[in-house]
Amino acid sequence: TGYYGDGLNAIIVFAACFLPDSSRTDYNYVMENLFLYVISTLELMVAEDYMIVYLNGATPRRRMPGLGWMKKCYQMIDRRLRKNLKSFIIVHPSWFIRTILAVTRPFISSKFSSKIQYVNTLAELREMIPMEYVHIPDSIVKYDEDKCIKRRMRTSCLSNDPETASVEQE
């Protein structure tokens with residue numbers, strides 16, 4: 001959790017890599033109580049505008065919340081909290097997350113849909129929000145670094161490719 005703006009509005013950071021494994025026998029119970037805890041915390045913290053940063057990187061598929069759980073969460077969030085949410089930033093969005101949001105878009109309000117932003121790197125996130133009050137877990141930082149290294153390697157490989165190089169020179 002951190003703050004932004006003159007009014008010190010809340011930035012809620014949610015790291016999916018710390019969610020429980022879906023193979024747990026008490027998974028539904030744990031997720032239900034986790035959601036209730038998050039909502040009660042939001043209600044206490046959020047007096048004005050706020051944003052949620054959802055850290056999706058370094059999250060194995062078995063730890064990602066299911067579509068049913070996300071739909072239930074959205075429906076249970078009270079109107080004031082939905083209205084005061086200024087942006088929902090998804091960092092390191094996976095194909096799965098993008099697909100779920102594309103499929104559910106017709107069922108959620110256009111106002112909420114317009115608040116969703118995808119961010120591919122922590123550097124992009126830094127351009128959007130002040131990071132001095134935001135804690136990013138080490139596993140997410142490492143995931144981001146590894147991803148950036150792979151991206152640089154792909155880019156340098158492309159520029160060394162004779163076919164690509166000849167196109168670049170034209």
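Everything numeric in this text was worked out from a predicted model, so none of it was measured.
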- Short side-chain to backbone donor-acceptor contact, Lys115 and Arg82, under 3.5 Å: yes
Enter the distance from [X]:[atom1] to [Y]:[atom2] here, rounded to the nearest 0.5 Å.
X	Y	atom1	atom2	value
Ile11	Ile129	CD1	CD1	4.5 Å
Tyr50	Asn9	OH	CG	12.0 Å
Met31	Leu19	CE	CG	5.0 Å
Ile140	Asn56	CD1	CG	8.0 Å

Set of residues satisfying salt bridge (Lys or Arg N to Asp or Glu O under 4.0 Å) with respect to [X], sequence neighbours excluded:
X	value
Asp138	none
Arg126	none
Lys142	Asp146
Glu124	none

Would you be so kind as to tabulate the donor-acceptor pairs closer than 3.5 Å made by side chains of residues 104-111, with sequence neighbours excluded?
{"from": "Thr104", "atom 1": "OG1", "to": "Ile100", "atom 2": "O", "distance (Å)": "2.9"}
{"from": "Thr104", "atom 1": "OG1", "to": "Leu101", "atom 2": "O", "distance (Å)": "3.4"}
{"from": "Ser109", "atom 1": "OG", "to": "Tyr74", "atom 2": "OH", "distance (Å)": "3.4"}
{"from": "Ser109", "atom 1": "OG", "to": "Phe112", "atom 2": "N", "distance (Å)": "3.0"}

- Note on the structure: Sorted by chain and number, sequence neighbours left out, side-chain contact (heavy atoms from CB on, under 4.5 Å) with Arg79 holds for Lys83
- Applying side-chain contact (heavy atoms from CB on, under 4.5 Å), name anything that partners Lys147, two or more places apart in sequence or on another chain. His92, Tyr143, Arg151
Taking ring-ring contact (aromatic ring centres under 6.0 Å, His included) as the definition, give me every residue that meets it alongside [X], ordered by chain and number, with sequence neighbours left out.
X	answer
Tyr29	none
Phe35	none
Phe88	none

At their closest point, which heavy atom of [X] faces which heavy atom of [Y], and how far apart are they?
X	Y	result
Pro65	Phe96	O-CE2, 4.4 Å
Val30	Pro20	CG1-CG, 3.7 Å
Arg63	Cys17	CD-O, 3.5 Å

Could you list the donor-acceptor pairs under 3.5 angstrom formed between side-chain atoms of residues 36-47 and any protein atom two or more places apart in sequence or on another chain?
{"from": "Ser40", "atom 1": "OG", "to": "Leu36", "atom 2": "O", "distance (Å)": "3.1"}
{"from": "Ser40", "atom 1": "OG", "to": "Tyr37", "atom 2": "O", "distance (Å)": "2.9"}
{"from": "Thr41", "atom 1": "OG1", "to": "Tyr37", "atom 2": "O", "distance (Å)": "2.8"}

- Query: Please, which pairs that meet salt bridge (charged side-chain N to carboxylate O under 4.0 Å, His left out) have at least one residue in residues 11-22, sequence neighbours excluded?
  - Reply: Asp21-Arg62
- Query: How about Met51 and Ile12: do any of their side-chain heavy atoms sit closer than 4.5 Å?
  - Reply: no
